[in-house]
Amino acid sequence: MKPTNIKDPEYFHKVVDCQYACPAHTPVPEYIRLVAAGRYSDAYMVNWESNVFPGILGRVCDRPCEPACRRARVEEKPVAICRLKRVAADNKNDIKERLPQIPPEKNGKKIALIGAGPASLTVARDLAPLGYTIELFDEQDIGGGFMRSQIPAFRLPIEVLNEEVNYILDMGIVAHFKHYVSSLKELLNKDYDAIFVGSGAPRGRDLGKLPGREEGDANIHIGINWLESVAFEHVEKIGKKVIVLGGGNTAMDCCRTARRLGGDDVRVVVRSPKTDMKASSWEIEDAIREDIPIYENHTPKEFVIENGKLVGMKFEKVRAEYDDNGKRSLVPTGEDLVFMEADEVLIAIGQDNAFPWIERDIGIKFGDWDMPVVSELTYQSTNEKVFFGGDAAFGPKNIITAVAQGHQAAVSIDKFCHGQDVTERLDPYVNLVSQKMGFHEWTYDNHIAHDERFQVPHIDKETAIKNLKVEVEMGYDEELAYQEAMRCLNCDVQTVFTDDLCIECDACTDVCPTSCINFIDNGEEDDLRARLLVPSDVLDQDLYVSGELKTTRVMVKDENVCLHCGLCAERCPTSAWDMQKFSYSVTKAGQ
């Protein structure tokens, strides 16, 4: 193999697994260290630069960073990355003076944003400081989009949502609330230099063909619509017996909300096995903690109507079978249909996009599933003035993905408005700095705590289910936050090897706790991976390969199992190993 090019910014970026997995590439270890140091405002601003909504995402993020966390390779559970983000938000000081200044004189460019959700708000945040005039349109009377209408207040308090949405709206954004955009052609005919569509995926899937659906309509609700009605206080109660159909996070929000609105017998029914449910594991745990049972492998067959009123549902029991490619089929078991009583049913089986307000003669091409054709690089549609992001671009995902797409769409809009090639993307800001100041004198603390993950305290169940607006999770206090932060392995502090300083004494090999350092004869990658002290079969993480050493061997380190403990650098007599802090920041519009 050829020597690894560590000057490629993407090499070490990929090694910081948590940051790499985050769609917005938030510098996770950096803000965790700041939390451990009690520098909460600084930790908040590190987050705000990348993910825009630290207080919101510290509560409701889907946490793609945590499955990637290196801690989970040596223990059962990863660092509580998400909840440490909340610690920064809950303990920060007033940060308004640290937000970007909005120039009093505009740059002459005018942008329309459709929808006031996370994608549009991110575009506004990135473009407003550059002098753009931003006009935002949303049919609701307040900003936040689906963060407000679909996430219950017991998970995301209104004051947290308002604070972080208003940071952006206060940047001189011209907000047109209670304004449903019924014609994109009409907006295109106005004096906007570009239009961003961040309207989400507003249509919940239904079971319209199921017998009894039409007759029982008064007591059968689409989950996202029902949650919106609850959020805006149009619905304040529900029947005693409630069935929630679906296994995603929306279903978990529906069942927990139903418990708080008077549902005594609330149950979740899913077609798949529990192990295949799309809901986050912690959302499922919270539902079970509130005495909500989950019935797996039940396929809905009929809404049962008696005397014109819904009385329950019938389900067919199935079992999951998987072919050689892992594709699942649900096969009926042949048992009798199962009847479950219900006063009301909430359908939360997925969401679709709906664009009845986008005319088909304005140069926007539509493809599969009646979705606009959008560039995955630039987020530009086939009409060069129209850009998409968030759920409106590629279907339902999550808040952090919408934020990441909003950042990139803002880059494209800025380039487009200045007549530049939108396909030329901005290079990231990167830096690599040694953490060693002198002989055995370190700024890098390589102490590793051996604590297991600390549980986030919850309020008691009885209190929780009596009040729709009482936040269930209490969050870490400062002491617990410090202890949890100390579980972080500082994966952004890299082990950097200098070939010509190495004397091949193998001291680093002896001291390495995971046997990830190898001095061996070179070869092809498959051959090298098989000959390591611990053979490496995780192909999506690279091997760190040195140049040829004096013995003609090479140093090969398996990045997948390195704990960044620093023992190799501490032990090395010639400083061939060094611990160097790697910084990676996605460059925003105008930077």
Side-chain angles (χ1 to χ4, degrees), residues 21 62-64 66-68 150 201 203-214 216 220-226 242-256 266-288 292-305 310 312-342 345-354 367-371 376 391 394-398 401 537-540:
D62 279 4
R63 314 181 196 178
E66 292 191 14
Q150 289 188 23
R203 183 174 62 193
R205 292 176 185 165
D206 202 348
L207 291 171
K209 295 182 179 180
L210 219 59
R213 173 63 182 92
E214 184 174 343
I220 303 169
H221 316 284
I222 303 299
I224 62 171
N225 298 342
W226 182 79
V242 182
I243 292 174
V244 178
L245 303 176
N249 286 337
T250 298
M252 299 303 103
D253 287 338
C254 283
C255 68
R256 296 179 68 197
V266 178
R267 56 185 67 187
V268 174
V269 184
V270 293
R271 300 191 320 146
S272 64
K274 287 182 183 178
T275 53
D276 289 352
M277 287 175 62
K278 293 182 178 180
S280 304
S281 59
W282 52 91
E283 299 296 345
I284 297 172
E285 290 169 6
D286 285 344
I288 293 173
I292 299 170
I294 297 174
Y295 293 81
E296 62 182 347
N297 299 324
H298 282 64
T299 299
K301 301 299 290 184
E302 179 185 354
F303 295 99
V304 179
I305 310 296
L310 176 76
M313 288 191 70
K314 288 184 178 179
F315 298 90
E316 181 178 49
K317 295 193 72 174
V318 297
R319 66 175 183 273
E321 294 184 356
Y322 302 86
D323 63 20
D324 293 339
N325 296 319
K327 185 177 180 181
R328 186 189 72 195
S329 298
L330 298 177
V331 181
T333 63
E335 300 173 64
D336 293 339
L337 294 183
V338 176
F339 173 74
M340 296 186 188
E341 293 184 62
V345 174
L346 304 175
I347 302 175
I349 57 174
Q351 295 168 226
D352 292 318
N353 292 79
D368 295 338
W369 309 104
D370 202 32
M371 290 287 290
E376 294 187 18
D391 293 354
F394 302 109
K397 288 284 189 346
N398 49 46
T401 298
D537 56 1
V538 180
L539 303 182
D540 58 356

The complete set of salt bridge (charged side-chain N to carboxylate O under 4.0 Å, His left out) pairs with one or both residues in residues 321-331, sequence neighbours excluded, reads Asp276-Arg328, Arg319-Glu321
CG of Asp352 to CZ of Arg203, rounded to nearest 0.5 Å, is 5.0 Å
Ala21 and Pro64 have their tightest heavy-atom pair at CB-O, 3.5 Å
Separation between CD (Glu283) and CG (Asp253), nearest 0.5 Å, reads 6.0 Å
Worksheet item: Do Asn249 and Asn398 come close enough that some side-chain heavy atom pair is under 4.5 Å?
Response: no
Exercise. Are the side chains of Tyr295 and Ile243 in touch, meaning some heavy atoms are under 4.5 Å apart?
Worked result: no
Please tell me if the side chains of Arg271 and Pro300 come closer than 4.5 Å, counting only heavy atoms from C-beta onward. yes
Quick check: do His298 and Lys317 have side-chain heavy atoms less than 4.5 Å from each other?
yes
Show me the donor-acceptor pairs, under 3.5 Å and distance only, between side chains in residues 334-342 and residues at least two apart or in other chains.
residue : atom : partner : partner atom : Å
Glu335  : OE2  : Thr333  : OG1          : 3.0
Glu341  : OE1  : Lys241  : NZ           : 3.0

One should read off an interatomic distance between Ile347 CD1 and Thr250 OG1, to the nearest 0.5 angstrom, of 13.0 Å
Worksheet item: Met252 versus Ile284: any side-chain heavy-atom pair under 4.5 Å?
Response: yes
Between Cys254 and Val244 the two heavy atoms that sit nearest each other are CB-CG1, 4.0 Å
query: Do Glu296 side-chain atoms and Lys274 backbone N/O form a donor-acceptor pair below 3.5 Å?
result: yes
**Study point:** Side-chain (Asn353) to main-chain (Asp391) donor-acceptor, under 3.5 angstrom
**Key:** yes
- Task: Please examine the side chains of Met313 and Val269, heavy atoms only from C-beta on, and report whether any two atoms are closer than 4.5 Å.
- Result: no
- Mind checking whether Val242 and Cys255 have side chains closer than 4.5 Å, heavy atoms only? no
To the nearest 0.5 Å, atom CG of Asp62 lies from atom OG1 of Thr401 at 7.5 Å
Surrounding CZ of Arg267 (heavy atoms of other residues, nucleotides or ligands, distance under 6.0 Å), is the total greater than 12? yes
So CD1 of Ile288 and CZ of Arg256: to nearest 0.5 Å the spacing works out to 11.5 Å
Separation between CD (Glu316) and CG (Leu330), nearest 0.5 Å, reads 10.0 Å
Minimal heavy-atom distance between Gly246 and Ala251, with the atoms involved, is O-CB, 3.2 Å
For Gly204 and Ile222, the nearest pair of non-hydrogen atoms, with its separation, is CA-CG2, 3.6 Å
| said: Can you confirm whether Phe303 sits close enough to Leu310 that some side-chain heavy atom of one is under 4.5 Å from a side-chain heavy atom of the other? | reply: yes
